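Note sheet for the following structure.
In each ligand, atom 1 is the first atom listed, and ligand 1 is the first ligand listed. Atoms considered below: every heavy atom in the structure, side chains included; atoms not considered: hydrogens, waters and symmetry mates. On a predicted model such as this, the values are computed, not experimentally measured, just so you know.
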Amino acid sequence: MEAWGRAIGSAAAAPLFLALDGPLGAGKSVLARSIARGVGVTGPVPSPTYTLVQIYEPREGRRLIHMDLYRLDHADDVLELGWDDIVADPDALVVVEWAARAGPHLPRDRWSVALGPVEGAPSLRHVEWHSVGRPPALPAPAGTDPAVP
Ligand SMILES: Nc1ncnc2c1ncn2[C@@H]1O[C@H](COP(=O)(O)OP(=O)(O)O)[C@@H](O)[C@H]1O
Ligand SMILES: [Mg+2]
């Protein structure tokens, strides 16, 4: 999971929107933090559970926008977080935990990643990912076929 995140962060072309979903503890923040490392963020990458959005720009013209919509009450509330500018940002890699909560506001072109536990294997995660619309290519986890939109 960490290697995949680093590969996404260092190689994925912006603009890219990654919608992460799955239950608490599924590994959404682990993946998001690894993406941040790949982008070049060296400091702490706290879960934006309370701030809802954290923006990093470790190098000029390369932004990581990390969101966690767990505490969102209504899908429309994302609009108050600057959502329209975030999804239209040409330089941003946007990684959103609990993305389904944004409902109709999710951008047309995106990658959807569903994470879940594997019964009886606490260190393993079930991961399913697919493109919606025509997002840019996403690096594939090691040992799998390249994912193309
Ligand atoms: N293969 C794995 N992938 C991701 N997380 C894992 C894995 N194995 C164990 N974990 C642990 O599961 C927890 C996932 O937590 P977190 O990423 O915060 O979940 P979420 O953000 O989905 O609620 C972490 O404590 C992490 O160390
Ligand atoms: Mg989380």
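At a 4.0 Å cut-off, at least one heavy atom of Pro122 sits close enough to ligand 1 to count as contact. Ser123 counts as a contact of ligand 1, since one of its heavy atoms falls under 4.0 Å from the ligand.
Nearby protein atoms of type N, O or S around the Mg ion (ligand 2) amount to 2 (distance under 2.8 Å).
Rounded to the nearest 0.5 Å, atoms CG (Leu16) and CH2 (Trp111) are 9.0 Å apart. In this structure, CD1 on Ile65 lies 4.5 Å from CD1 on Ile55, to the nearest 0.5 angstrom.
With Leu64 as the fixed residue, the side chain to side chain contact (heavy atoms under 4.5 Å, CB included) test singles out one of Val45, Val95, Val94: Val95.
Annotation: atom 10 (N) of ligand 1 to nearest protein heavy atom, Arg125 NH2, 3.1 Å. The protein non-hydrogen atom at the shortest distance from atom 19 (O) of ligand 1 is Gly27 N, 3.2 Å. Nearest protein heavy-atom contact of atom 18 (O) of ligand 1 is Ser29 CB, 3.5 Å.
Between Gly5, Gly22, Ala32, Gly25, it is Gly25 that holds the heavy atom closest to atom 15 (O) of ligand 1.
Residues Glu128 and His130 have side chains that never bring a donor and an acceptor to within less than 3.5 angstrom of each other. Checked by atom type, the side-chain pair His105/Asp76 shows a donor-acceptor distance below 3.5 Å.
Val53 and Leu69 fall within a single hydrophobic cluster, where Ile, Leu, Val, Met, Phe, Trp and Tyr are joined by side-chain heavy atoms under 4.5 Å apart, directly or via other members. The same ILVMFWY cluster, assembled from side-chain heavy atoms under 4.5 Å apart, contains both Ile8 and Val39.
Of the possible polar contacts, one joining the Trp4 side chain to the Pro139 backbone as a donor-acceptor pair under 3.5 Å is found. Arg6 contributes no side-chain N or O that, together with a main-chain N or O of Ser10, makes up a donor-acceptor pair within less than 3.5 Å. The backbone N or O of Pro135 sits nowhere less than 3.5 Å from a side-chain atom of Asp109 that would complete a donor-acceptor pair.
Between Leu24 and ligand 1, no N or O atom pair is found at a separation short of 3.5 Å. Ligand 1 has a nitrogen or oxygen under 3.5 angstrom from a nitrogen or oxygen of Val30. At least one N or O atom of Ala26, backbone or side chain, sits closer than 3.5 Å to an N or O atom of ligand 1.
Counting protein heavy atoms under 4.0 angstrom from atom 23 (O) of ligand 1 gives one or more.
At a heavy-atom cutoff of 4.0 Å, ligand 1 is contacted by the backbone of Pro23 but not by its side chain. Residue Lys28 touches ligand 1 through backbone and side chain together, judged by heavy-atom distances below 4.0 Å.
The Glu97 neighbourhood of ligand 1 comprises atoms 21 (O), with distances under 4.0 Å to a heavy atom of that residue. Below 4.0 Å from some heavy atom of Met1 lie the following atoms of ligand 1, by number and element: 3 (N), 4 (C).
Within a 6.0 Å sphere centred on OH of Tyr70, heavy atoms belonging to other residues, nucleotides or ligands number 12 at most.
Asp89 has a carboxylate O that lies under 4.0 Å from a charged side-chain N of Arg63, or vice versa, which qualifies the two as a salt bridge.
For the pair Trp83 and Pro107, the tightest heavy-atom approach, listed with the atom from each and the gap, is CZ2-CD, 4.3 Å.
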